[in-house]
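This report refers to the structure that appears directly beneath it.
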Amino acid sequence: MTYRIENPATGVVEKEFDSTSDADVRAAVERAHAAFDTWRRESAQTRADAMKRVADAYDERADELARTIATEMGKPLTEAKGEVELAGSIFRWYGEHGPALLEEEKLDIGDEASSVVVTDPIGVLMGVMPWNFPHYQVARFAAPNLMLGNTILLKHASICGSSAVFIEEILHAAGVPEDAYINLFVSNDQVTSIIEDSRVRGVSLTGSEGAGIAVAETAAKNLKMSVLELGGSDPLIVLDDVDVAATAEAVAKARMSNAGQACNSPKRIFVPQAMFAEFTDVVVTTVGELKVGDPLDQATEMGPLSSIEARDGVVEQVRKAVSEGATLRAGGDALDKDGAWMAPTVITGVTSEMDAYAEEIFGPVAMIFPYSSVDEAVRVANDSSFGLSGSVWAKDVEKAEEIARRLEVGMTYVNEHGTTKAGLPFGGVRRSGYGRELGRWGFTEFANPKLVRVAS
């Protein structure tokens, strides 16, 4: 696997990184295994203070890190800075709340013995991270597990080498031992060998369904714990009491955020039949007015996709949908210039017979569906192999919450979509994966809740 920075705004290869050899991989596993005994025995407050120093570094280096994200995968600077701030907030949250999460729990089961549960780390973990949120995704995995006392081997996406190096540098400077967090530029085959190593106790992957299946299979064969955050085709249901223009504009911008390259982006938008035409017109107008351009330009609202290959795949999905009978309302094509550019796209008329109905479209494509009843909207929203998140938009928030609770997903929202904060659980069901990250839920996925009982 070649690790290199190919600027998606220009198509120019700007930097390459040496791959990690098999010998160095074996050495890294041994180093992380040896470091575990030391790192786990540091006081909870010592580890917490290191997490806070990581957060401070994210605050101090926000501009530098954001520019790297923009150059690697095309995210506009304003969005990239938001990601950096979010990553820092996750490290800070665990620095502030981690010691309390590690306090032992006394059990009262009605006898005279002493029974307590302590939260222990389990050892070396392998993390396989994606390119769409280079710092946030790593923070979700690394912060709780380093706070817990686990040690980490990290494979980042092949297009995010610079961010990978920065993350390792920041963690080590903040007091995380060099062998407690090790960045590796490795291939998929090398990842498999790492998971198979008896010294590695678990694996977390954020990525595609195919990658998740491969990692889960290897982990299961070797009786390893795993957490998977995979794809999504999130439903967004609009109720009939909304301000149509304001809601349509907000939803359109939410869908085009990060050029639509988010697993929890609102990919399927359900609108009452009576407002369908007006709503769709506003979405088309809104995406048509977005400033698509250089991600390093502060005024840019949407940058390129992460790579030309990714862009071409999304364009082909749209073309296939149209060839099967969907209606193209805006965009649909690659832009005629160097780089991985695509016009913001809106399609309607997608039916259950079309590939686009069941697939995840990982790019700037909004699919809008009319519905005749709320029950119909919920039924079609749940008619998906995915189950990451979903949302309901309405003035009547009680009614919206009732409907949101009917969505068969891991996270539901009212009048927002995909909000993520350090203290909120993140994760899905079905083919969107399993396990949770963030908050107290992400703290215990790779923990041993150990019973310590002393007879009376």
Side-chain angles (χ1 to χ4, degrees), residues 69 73 75-76 78-87 89-90 93 129-141 206-207 228-238 242 246-271 283 286-287 290 301-302 306 344 360-368 381-382 384 386-394 397 400-401 403-433 435-439 441-442:
I69 293 171
M73 53 75 60
K75 185 174 299 182
T78 52
E79 293 183 12
K81 284 195 70 173
E83 180 189 339
V84 171
E85 291 169 2
L86 176 58
S89 74
I90 292 170
W93 192 92
M129 297 293 113
W131 48 261
N132 56 334
F133 290 90
H135 287 264
Y136 160 63
Q137 305 276 14
V138 174
R140 272 190 349 205
F141 167 61
T206 298
L228 302 179
E229 197 275 280
L230 309 178
S233 188
D234 283 13
L236 183 153
I237 299 175
V238 178
V242 300
T247 304
E249 181 178 351
V251 169
K253 290 181 177 179
R255 178 62 186 112
M256 298 301 152
S257 177
N258 201 30
Q261 300 169 119
C263 50
N264 60 338
S265 178
K267 300 182 177 80
R268 296 178 296 141
I269 302 161
F270 299 90
V271 182
V283 172
T286 301
V287 303
L290 289 176
E301 296 175 288
M302 192 181 103
S306 63
E360 176 181 28
I361 300 183
F362 209 66
V365 181
M367 292 189 292
I368 309 178
N382 288 334
S384 172
F386 297 105
L388 191 54
S389 69
S391 64
V392 181
W393 296 58
V397 295
E401 182 180 352
I403 296 166
R405 289 174 179 266
R406 295 170 61 188
L407 296 177
E408 297 170 1
V409 295
M411 303 169 284
T412 57
Y413 305 89
V414 172
N415 293 332
E416 61 180 14
H417 192 101
T419 299
T420 181
K421 293 181 180 292
L424 300 177
F426 189 104
V429 295
R430 300 178 176 175
R431 296 186 73 84
S432 289
R436 291 295 180 268
E437 296 177 297
L438 298 178
W441 301 269

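The two residues Ala400 and Val414 have their closest heavy-atom pair at CB-CG1, 3.7 Å. Taking both residues in full, the closest heavy atoms of His417 and Ser389 are given as NE2-OG, 3.7 Å, listed atom of the first, atom of the second, then distance. Here the closest heavy-atom approach between residue Ala381 and residue Leu407 is recorded as CB-CD2, 4.0 Å. Residues Gln137 and Thr206 approach most closely at OE1-CG2, 3.5 Å, considering heavy atoms. The minimum heavy-atom distance between Phe386 and Ser432, with the atom names listed, is CB-OG, 3.5 Å. Heavy atoms only, all atoms of each residue included: Ile361 and Arg255 are closest at O-NH2, 2.9 Å.
The main-chain N or O of Ser257 is never found under 3.5 Å from a side-chain atom of Glu79 such that the two would form a donor-acceptor pair. In terms of modelled atom types and a separation under 3.5 Å, the side chain of Lys267 and the main chain of Val365 share no donor-acceptor contact. Within the 3.5 Å criterion, the main-chain N or O of Arg268 finds no donor-acceptor partner in the side chain of Asp234. Using a distance-only test at 3.5 Å, with no hydrogens or angles considered, no donor-acceptor pair links the side chain of Asn132 to the main chain of Asn258. Listed for the Glu360 side chain is no donor-acceptor partner under 3.5 Å among the backbone atoms of Ser233.
Under the 4.5 Å side-chain criterion, counting only non-hydrogen atoms from C-beta, Asn415 is in contact with Val397.
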If you apply the rule side chain to side chain contact (heavy atoms under 4.5 Å, CB included), what do you find for Val283 with Val251, and how did you get there?
CA-CA 8 Å; Val283 172; Val251 169; 5.6 Å; no
Output, in order, the C-alpha distance, side-chain angles, deciding distance and verdict of side chain to side chain contact (heavy atoms under 4.5 Å, CB included) for Lys253 and Thr286.
CA-CA 8 Å; Lys253 290 181 177 179; Thr286 301; 4.0 Å; yes
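Atom CZ of Phe270 and atom CG of Leu236 lie 9.0 Å apart (nearest 0.5 Å). Rounded to the nearest 0.5 Å, atoms OG1 (Thr419) and CG (Leu424) are 8.0 Å apart. The line from CD of Glu301 to OG1 of Thr78 is 8.0 Å long, rounded to the nearest 0.5 Å.
Legend: residues meeting side-chain contact (heavy atoms from CB on, under 4.5 Å) with Trp131, ordered by chain and number and at least two apart, are Met73, Ala157, Ile159, Cys160, Gln261, Ser306, Phe362. When the ring pair (Phe, Tyr, Trp, His ring centres under 6.0 Å) test is applied to Phe133, the partners found at least two apart in sequence or on another chain are Tyr136.
Of the options Arg431, Arg436, Arg140, a salt bridge (Lys or Arg N to Asp or Glu O under 4.0 Å) to Glu229 is made by Arg140 and by none of the others.
The residues Lys81 and Glu85 are annotated as not salt-bridged, no charged nitrogen and carboxylate oxygen being separated by less than 4.0 angstrom.
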